Amino acid sequence: MAMAAHGASASNGPVHYDAQTHVFRIDAKGVSYVFGVNPNGQLQSIYWGSRLGFTDSFPQPHALPGWAAFDPSVNTTPQEFTGWGGGLYTTPDLKITFPDGNRDLVLHYVSHQIDGDRLTVTMQDIERKVFVVLDYKIDEATGILRRSATIENRTGKPFTIEQSFAATWNLPAAGDYHLYDLTGRWTGEWDLQQQALHPGKIVLESRRGPTSHANNPWFAIERGASADQDQGQVWFGALGWSGNWQIAVEQTQARQVRVTGGFNPFDFGYVLAPGESLKTPYFYAGYTRNGVGGASRLLHRFEIAEILPHHPHPGLRPVVYDSWEATGFQVNEAGQEALAEKAASIGVERFIMDDGWFGQRKDDHAGLGDWYPNPQKFPHGLGPLIAKVHSLGMSFGLWVEPEMVNPNSDLYRKHPDWVLHFNGRPRSQERNQLVLNLARPDVKAYVFHTLDSLLTNNRIDFLKWDYNRNWSEPGWPSAGADHEKEVYVKYTRNLYSILQELRARHPHVEIEDCSGGGGRVDLGILRYTDEVWTSDNTDPFDRLSIQNGFTYAYSPGVMMAWVTDSPNWVNQRVTSLTYRFLSSMQGALGIGANLNQWTPQEFVQARTLVAQYKSIRATVQRGALYRLISPLHGSEHSATEYVAPDGKQVAVFAFLHSSQMGYPYPELYLRGLEPGATYRLHMLDGKAAPETPSNASGAYWTNVGIQLALRGDFQAAAFTLEREP
Ligand code: GLA
């Protein structure tokens with residue numbers, strides 16, 4: 001039941017408002033989030049941390065005093081959402097230029113509404129009819145809050161929004177914080193960084209068009225230097241936006257920490273006509289006392305329960321085969337059918353034909369934009385190959401890159417104005433391609449109809465949706481100079497809308513999000529895509545740290561990992577088939593090797609490993625991930641553990657880079673077990689040290705641990721523990 005503002009004192013749900021003190025309290029299983037309206041009308045942040053007692057209450061907050069004449073109170077008072085105005089020097093959430101030249105914006109509380117797990121708070125400028133509706137929604141199981149802001153223009157005249165964040169999160173003032181974030185580049189994504197916070201501002205962002213490999217819109221801030229995966233206070237969050245984004249982590253000179261995120265203000269400009277509104281992306285954030293490991297486990301649960309398509313029960317990822325590393329652009333009917341037969345023989349469940357099947361595509365110089373089967377390679381269309389794949393008991397997937405065009409294509413020859421560009425300026429190509437301007441309604445319609453008819457006319461079960469360059473010259477001349485910068489918002493919104501509509505019209509089709517590997521992964525695109533191509537880097541050793549970084553923010557259940565050939569093309573590293581499989585089995589397993597070159601023995605081995613994976617797949621994709629030994633900082637060892645949601649199965653993977661000086665592999669002390677329960681050990685690959693019991697209590701595996709007999713270079717082992725009934 002919706003509850004009107006002023007006077008309501010409580011609700012039965014997780015959101016409470018105390019009408020006497022003007023304090024809002026949002027509770028979840030382990031978390032309380034508290035803020036209130038102070039006598040100045042500001043929305044003052046009060047508390048965000050472990051769950052409080054039911055009867056605990058707070059007095060009405062009062063704005064903090066300023067610091068002499070140089071830091072007015074508006075800067076020292078932690079607030080939920082600020083406009084730039086009234087002497088604000090910290091990062092404003094909203095900045096507007098009005099047509100009369102005024103750029104001062106001071107937002108005050110007007111009213112609120114509580115509706116189940118949602119709270120909306122309306123603010124208004126002290127003088128103008130600019131309204132901002134803040135939206136809060138709590139996930140009771142994980143305590144993760146979802147926030148956004150909607151800016152409404154009721155002034156009667158257009159104005160320009162120059163900066164529009166979704167939310168500001170305030171942490172307790174302290175000087176002992178560390179920030180974790182994820183940086184990277186093509187074939188080197190998901191590089192976990194850690195740095196101390198100091199007064200000043202750290203800007204995490206993309207100015208590249210898409211989310212980017214360079215920085216991912218995720219953060220975690222740990223209090224104290226516990227360096228413990230599973231203990232310590234951590235505030236963490238992620239943005240749901242696949243275009244230019246920014247998360248600013250600012251520590252004021254008074255040591256308050258504020259995290260502000262949303263649209264990147266760089267080159268931003270959005271004209272809001274009278275009566276129009278602009279909604280920001282969602283900014284999700286949570287809190288835990290269980291360290292960065294606990295933070296990622298909460299995020300994984302949240303993504304599965306609240307974000308992914310078909311949540312709260314998204315399907316498990318099938319074992320896939322993808323043709324890219326085997327055939328490159330040289331795909332054809334006979335070649336793909338031969339690979340499909342071999343893939344099916346080892347237990348693969350989905351066959352994906354990658355790049356090269358369409359238009360005049362021989363290499364990366366031509367074809368993007370022309371989404372019909374190449375008549376030389378597929379003289380009878382895709383039908384025969386798809387039928388063959390289905391007859392082998394596999395689903396069929398197809399690679400597309402629908403937002404791009406090669407200048408050498410029918411589409412570009414017909415519509416050269418459809419790409420991002422500035423009139424009279426060069427159009428910089430990357431990988432010989434340009435970016436279609438999806439913000440244009442005609443381009444949006446073309447992309448939708450092309451994919452819709454591809455899916456309608458062919459029995460396709462899966463799309464690998466690629467995106468192989470960043471933006472340059474992001475102009476949109478036909479929009480008119482005042483509106484060109486809206487491309488950043490409208491492009492991404494149209495992308496989401498195409499994905500949403502395609503899913504609605506073809507509900508059985510699954511989609512993988514890919515951008516030259518992991519260049520567009522975020523909680524926005526994950527609402528419309530079932531899985532992610534983690535990185536083009538398929539070196540199984542590099543993958544240990546890439547996958548480690550990925551799982552800080554995203555679930556192993558969406559993390560595609562292929563077994564490819566050895567030596568691997570990235571580092572020319574030679575590894576065994578078992579090592580490659582175990583590296584990939586920590587996420588959603590795929591095969592990308594050239595099966596035409598495998599020996600009969602490799603097929604036998606692969607069949608066994610695929611079957612092993614299927615026996616632990618649900619645990620890996622849905623379980624609680626514990627990082628037993630980190631692969632970072634040149635570690636010789638690394639190990640991960642997954643505990644099934646019902647606690648009955650535990651799967652562990654261990655990797656050795658190189659033995660040195662005869663030292664044994666370190667004991668693995670397992671986590672997340674019931675101390676009093678008995679677990680039976682089952683080695684999948686590799687051996688445990690002699691004398692290792694086959695049955696022992698949770699307390700034993702946690703405290704005595706397990707010693708693996710791993711020796712040599714690039715060795716790997718895997719085992720399960722099954723809880724006895
Ligand atoms: C990108 C993808 C690869 C492959 C190629 C095809 O790089 O990440 O997996 O699909 O494009 O051109």
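This is a predicted model, so every value here is computed, not measured. Remember, it's 1-based here, ligands and their atoms both numbered in the order they're listed. Starting from 1, each residue takes its place in the sequence as its number.
- Considering only non-hydrogen protein atoms, atom 10 (O) of ligand 1 sits nearest to D354 OD1, 2.6 Å.
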Exercise for the section: Please test D417 against R440 for salt bridge (charged side-chain N to carboxylate O under 4.0 Å, His left out), starting from the C-alpha separation and ending with a verdict. Expected result: CA-CA 10 Å; D417 53 331; R440 286 175 61 124; 3.7 Å; yes
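- From the protein, the heavy atom lying nearest to atom 2 (C) of ligand 1 is D466 OD2, 3.0 Å.
- Annotation: cation-pi pair K377/W357 absent, no NZ/CZ under 6.0 Å from the ring centroid and within 45° of its normal.
- Less than 4.0 angstrom separates some heavy atom of G517 from each of these atoms of ligand 1: 8 (O).
- When hydrogens are left out, the protein atom nearest atom 9 (O) of ligand 1 is K464 NZ, 2.7 Å; that is the closest non-hydrogen contact.
- Looking at ligand 1, you won't find any N or O of W186 less than 3.5 Å from one of its N or O atoms.
- The nearest heavy-atom contact from the protein to atom 3 (C) of ligand 1 is D536 OD1, 3.4 Å.
- Residue contact check for ligand 1: R431 places a non-hydrogen atom closer than 4.0 Å to it.
- Figure legend: cation-pi geometry between R543 and F550 absent, as NZ or CZ is not positioned both under 6.0 Å from the six-membered ring centre and within 45° of its axis.
- With hydrogens left out, the protein atom closest to atom 5 (C) of ligand 1 is W324 CE2, 3.6 Å, a heavy atom.
- Each of the atoms 1 (C), 7 (O), 8 (O) of ligand 1 lies under 4.0 Å from some heavy atom of G516.
- Against a heavy-atom cut-off of under 4.0 Å, N468 is close to the following atoms of ligand 1: 1 (C), 7 (O), 11 (O).
- Using a cutoff of 4.0 Å between basic side-chain nitrogens and carboxylate oxygens, R301 and E303 are not scored as salt-bridged.
- Annotation: cation-pi pair R580/W598 absent, no NZ/CZ under 6.0 Å from the ring centroid and within 45° of its normal.
- Using a cutoff of 4.0 Å between basic side-chain nitrogens and carboxylate oxygens, D267 and R207 are not scored as salt-bridged.
- The shortest N or O to N or O distance between W399 and ligand 1 is below 3.5 Å.
- For ligand 1, the atoms closer than 4.0 angstrom to any heavy atom of W533 are 8 (O), 9 (O).
- Considering all non-hydrogen atoms of both residues, Y579 and A716 come closest at CD1-CB, 3.8 Å.
- An N or O contact shorter than 3.5 Å is missing between F329 and ligand 1 by distance.
- Of all the atoms in ligand 1, the ones that sit under 4.0 Å from a non-hydrogen atom of C514 are 2 (C), 8 (O).
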Problem - ring-ring contact (aromatic ring centres under 6.0 Å, His included) between W324 and F329, worked out - result: CA-CA 8 Å; W324 175 244; F329 299 97; 5.2 Å; yes
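- Between D461 and R350, no side-chain nitrogen of the basic residue sits less than 4.0 Å from a carboxylate oxygen of the acidic one, so the salt-bridge criterion is not met.
- Scored by the side-chain contact (heavy atoms from CB on, under 4.5 Å) test, D530 finds P309, H310, R317, R503, E510, I511 as partners (sequence neighbours excluded).
- Closest to atom 12 (O) of ligand 1 among all protein heavy atoms lies D355 OD2, 2.6 Å.
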